[in-house]
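Heavy atoms only: backbone and side chains are in, while hydrogens, waters and symmetry mates are out. Please read all numbers here as calculations on a predicted model, not as lab measurements. Sequence lines set the chain letters: A, B, ... in the order given, protein chains first and strands last, and positions in each chain run from 1.
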Number of protein chains: 2
Amino acid sequence: MKSNEIKEAALKYFTIHGYEGASLSQIAEEVGMRKQSIYAHFKGKDDLFLNVLRDAKETELTSKLQYFSKVDAENPEKDLYGFLQLIVDLFQKNEHVKFWLRMSFFPPAHLEKAITEEVVDIEEKVQVILEEKFQAWIDDGLIIKEEVITPTFAFLGVVDSIMLELVYGNDQKRLNDKIAASWTVFWRGVSHK
Amino acid sequence: MKSNEIKEAALKYFTIHGYEGASLSQIAEEVGMRKQSIYAHFKGKDDLFLNVLRDAKETELTSKLQYFSKVDAENPEKDLYGFLQLIVDLFQKNEHVKFWLRMSFFPPAHLEKAITEEVVDIEEKVQVILEEKFQAWIDDGLIIKEEVITPTFAFLGVVDSIMLELVYGNDQKRLNDKIAASWTVFWRGVSHK
DNA sequence: ATATAACTGACGAACGTTCGTTAAAAATTA
DNA sequence: TAATTTTTAACGAACGTTCGTCAGTTATAT
């Protein structure tokens, strides 16, 4: 399907140059057509963007939900560290995550509302799942007993910081060192000695 | 000085809309002049942008260096948590930090090299200072004895995650909860019981 | 033959930029 | 001090280019 090729090229340019910096002619050229031909597949730039956004959301959401659904949930150390690895893999495997991150935090002004809606939706779902997991681990005595929000938010913070490092991303060693450091300290901070 | 007014308006629009999304006519209108008049003060859009960038860098750098220079350095818990507060204050007091963050991670493609140079410069300087502090605290037995890079990077990770939350920033309560959670877990992870 | 999807051509609008000009302020000279 | 020159900072008009979009036409495929 040609629509998917267009979305793929659009994803690339939106990610690199942002909404305003990406031009339809560049996107069309990447696919090998004229920019006017895009209008046979999408109503316009906004429509194309929102389609890419929804694809990115689905990639992001299903990957994360799927991970926690097929994890045994009896070993928080393995499960949580595995989640960090998943983030890194996702980021390096497809462009969707970087696109998602950019648009989450610096959305085009006139689409901010629509974007924020989708972002909040994912955020809430992931947070709910994480809280359930942490609560179970706390009840099992695997994680320090305290308000469940504390380890949850702290872990989400680790995820965020790693994503930032991935975006920054010109230094593989630095990335690995930062992951190791954040994980070591986090785990020591939430687990029993 | 009119140049400063222009830079102020430019900072605002660059922060909200990014380099490509900010237009000289909007910036000029904010100041109360025509876009052509900007060329009496700056060579062009790039020149204006780079001037704003350098201002932002100076704000960012001097604030951080100054904080650590006038801190007594005998109480890591107070000093480090104070640094987090500084970040939050800086962010909410002036627009420079948000601008800096946006351009650090999503720079306009044709200025990426120049921007990365400045970003790396700050990053290295802050890292060096933090490592010195942590080393001293480790030697004094105030922080767990391990490679100094571990608490340093972990702390920088906490800073990053808070900055992301600040950018996201439509929820003051969530921000405070995230700071509290990240700090609690971090501190438990690097300090002795 | 009926869609679908590509094309050409053209549109108004906005972009960053350059030009020549004007009026006021500052510096220099008589 | 008064007259002159230079500098500064704004302007309107226009440049060439690119933008997103729309209309009409041709080619492709079911």
Distance check needed: dC19(D) P versus F49(A) CZ, whole Å only. 18 Å

In whole angstrom, give the distance that lies between atom CG of D46(A) and atom C1' of dG20(D). 10 Å

Looking at dG20(D), does its base get a donor-acceptor pair with the side chain of Q36(A) below 3.5 Å? no

Looking at dC15(C), I'd like to know if its phosphate oxygens (OP1 or OP2) sit under 4.0 Å from a side-chain N or O belonging to S25(B). yes

Would you say H41(B) places a side-chain N or O within less than 4.0 Å of OP1 or OP2 belonging to dT8(D)? no

Phosphate OP1/OP2 of dC19(D): any S23(A) side-chain N/O under 4.0 Å: yes

For K2(A) and dT4(C), what is the distance between atoms NZ and C1' respectively, to the nearest whole Å? 13 Å

dC11(D) OP1/OP2 closer than 4.0 Å to side-chain N/O of S37(B): yes

Determine the contact category for K35(B): base if any of its heavy atoms lies under 4.0 Å from a base atom, sugar-phosphate if only primed atoms, P, OP1 or OP2 are that close, otherwise nothing. base

Criterion side chain to side chain donor-acceptor pair (under 3.5 Å) against K12(B), the qualifying member of E95(B), H17(B), E30(B): E30(B)

Nearest-Å distance for atom pair CD1/P, residues I38(B) and dC15(C): 11 Å

Look at E60(A) together with K64(A) and state whether they make a salt bridge at an N to O cut-off of under 4.0 Å. yes

Are V128(A) and V159(A) connected, step by step, through hydrophobic side chains (Ile, Leu, Val, Met, Phe, Trp, Tyr) whose heavy atoms are closer than 4.5 Å? no

Could you give the CZ-to-C1' distance, from F42(B) to dA9(D), as a whole number of Å? 13 Å

Counting the atoms with a prime plus P, OP1 and OP2 as sugar-phosphate, which does A22(A) contact under 4.0 Å by heavy atoms, base, sugar-phosphate, or nothing? sugar-phosphate

Between I6(A) (CD1) and dT4(C) (P), how many Å, whole number? 16 Å

In whole angstrom, give the distance that lies between atom CD of E5(B) and atom C1' of dA10(D). 14 Å

D47(B)-N51(B) side chain donor-acceptor pair, cut-off 3.5 Å: yes

What is the distance from OH of Y39(A) to C1' of dA6(C), rounded to the nearest Å? 16 Å

Taking only N and O in the side chain of R34(B), is any of them less than 4.0 Å away from OP1 or OP2 of dA10(D)? no

Does the ring of Y19(A) carry K45(A) above it, NZ/CZ under 6.0 angstrom from centre and within 45° of its axis? yes

